[in-house]
Amino acid sequence: MRRYGKHTDEDDIRTRPNRKGNRPRTNIRPKHEDAAEGMVLTVDRGRLTCLVEDRTVLAMKARELGRKAAVVGDRVALVGDLSGKKDTLARIVRIEERDSVLRRTADDDDPYERVVVANADQLAIVTALADPEPRPRLIDRCLVAAFDGGLEPLLVMTKSDLAPPDKLLELYGDLDIPYVVTSRDELENGDAADRVRRYLDGRITAFVGHSGVGKTTLVNALVPEDRRRSTGHVNAVTGRGRHTTTSALALPLTIMDGWVIDTPGVRSFGLAHIDPFRVIHAFPDLEPGTEGCPRACSHDEPDCALDAWVEEGHADPARLYSLRRLLATRERREGD
């Protein structure tokens, strides 16, 4: 066995060749300071379509990002071929910090959290007044997810020609949520789109709703130059709609500044990821009253300070009822 002294010549040391013929790995990652800024428009089987300046670029996620996934609405940094030409592929090397996140789980027992949309300012909850019947529990769950994720809610009620909106408006009136009521005729002649657009200017709005409520029809009316796939129908037996949107897609509003994000129809909205103590932030008239609450107060127990806060006239009792109804939503399965 050959031994080497303290002072050896490099020529005397044998090195084992790299059988794979590639360079050894390093823990030093490039900073990509020259990366271009972009926005994720849609995700399809590991390929992400991004808007870079005025062109769309197909990209993939860099391995160095690990399991961190980019979603529609994310602001990202890209390198590589950014021409947007056919058969070219860029690389997403960084996902910027998010301003807001709309998340859900498959059900309340599922620990796996799914990010639906990032950086949206507003969540438009679309519900039909009939055919299919409105599902207040699902609306409540979407509201909780919006409040938790930092999005302002907008309630859009469709098919008012089949049923009046009075019951729903009475149920959500105390939450001070802006709303729009539309009919099928208004969707066809463009009046509904014009009324909804008033709430979209300068904002990124994600549209969510269960199948068959006319969500994608409304998005098609808002962005007629970039219509999505054909809309579906409601099954007469089950009362459920057929999924016509299979992936989230961000579309720019051309006649005003803003974006709409169409999302796949949902049949459940799990809230396993929601911290109920964050929902109170959506009730600024009630939040100061929680200072006297016991530690880890659920805001629905005998020692809750909100009861005294309301009795002293600081807030409307109906607001406290609405808060507790939303908090209880997390404990009830949709459809109960």
Side-chain angles (χ1 to χ4, degrees), residues 99-105 107-110 113 116-117 120-127 129 134-157 165-181 199 205-206 208-210 266 268-336:
D99 297 329
S100 67
V101 176
L102 177 65
R103 303 170 294 170
R104 76 180 184 96
T105 54
D107 55 55
D108 289 344
D109 299 325
D110 183 6
E113 172 187 311
V116 182
V117 172
D121 306 304
Q122 185 171 233
L123 180 65
I125 305 168
V126 185
T127 181
L129 295 167
R135 294 160 64 183
R137 293 288 178 267
L138 181 61
I139 297 174
D140 287 351
R141 286 170 169 265
C142 292
L143 287 173
V144 171
F147 293 147
D148 178 78
L151 289 78
E152 296 182 12
L154 169 67
L155 186 58
V156 181
M157 291 168 275
D166 305 59
K167 289 185 177 179
L168 273 185
L169 289 178
E170 182 179 353
L171 188 61
Y172 296 101
D174 294 316
L175 289 171
D176 295 329
I177 300 173
Y179 65 87
V180 181
V181 181
Y199 297 91
T205 305
V208 67
H210 61 89
V266 296
S268 65
F269 209 104
L271 300 176
H273 63 287
I274 295 293
D275 181 354
F277 300 106
R278 290 201 296 262
V279 179
I280 188 65
H281 298 324
F283 293 79
D285 51 338
L286 294 175
E287 191 171 9
T290 63
E291 293 180 0
C293 286
R295 187 174 183 178
C297 180
S298 66
H299 304 313
D300 193 13
E301 53 191 63
D303 295 333
C304 179
L306 288 177
D307 291 295
W309 179 262
V310 170
E311 289 176 3
E312 293 170 1
H314 298 293
D316 191 326
R319 291 278 289 169
L320 180 57
Y321 170 77
S322 296
L323 168 66
R324 288 174 170 167
R325 190 186 80 229
L326 292 181
L327 291 174
T329 294
R330 189 176 182 274
E331 307 300 327
R332 295 193 303 264
R333 292 181 182 275
E334 202 284 313
D336 289 351

Which distance, rounded to the nearest 0.5 Å, do you find between the [atom1] of [X] and the [atom2] of [Y]?
| X | Y | atom1 | atom2 | answer |
| --- | --- | --- | --- | --- |
| Leu306 | Phe283 | CG | CZ | 10.5 Å |
| Tyr172 | Ile177 | OH | CD1 | 7.5 Å |
| His281 | Leu286 | NE2 | CG | 13.0 Å |

I'd like to know if the side chain of [X] and the backbone of [Y] have a donor-acceptor N/O pair within less than 3.5 Å.
| X | Y | value |
| --- | --- | --- |
| Trp309 | Asp285 | yes |
| Thr205 | Gln122 | no |
| Arg324 | His299 | yes |
| Arg319 | Asp174 | yes |

Between [X] and [Y], what is the shortest heavy-atom contact and its length?
| X | Y | value |
| --- | --- | --- |
| Gly150 | Ser100 | O-CB, 4.0 Å |
| Leu129 | Pro134 | O-CD, 3.4 Å |
| Ser298 | Leu327 | O-CD1, 3.7 Å |
| Ala305 | Gly289 | CB-O, 3.4 Å |

Taking everything shown except Glu291 itself, do over 12 heavy atoms lie less than 6.0 Å from its CD?
no

Starting from the C-alpha separation in whole Å, work towards a yes-or-no answer on side-chain contact (heavy atoms from CB on, under 4.5 Å) for Val117 and Leu151.
CA-CA 11 Å; Val117 172; Leu151 289 78; 5.9 Å; no

Counterpart residues, side-chain contact (heavy atoms from CB on, under 4.5 Å), relative to Val208 (two or more places apart)
Leu123, Ile125, Cys142, Thr263, Val266, Phe269

Mind checking what makes side-chain contact (heavy atoms from CB on, under 4.5 Å) contact with Tyr179, not counting sequence neighbours?
Leu155, Met157, Leu169, Val181

Heavy-atom side-chain proximity of Thr290 to Ile280 below 4.5 angstrom
yes

Can you tell if the side chain of Leu320 reaches within under 4.5 Å of the side chain of Asp307, non-hydrogen atoms only?
yes

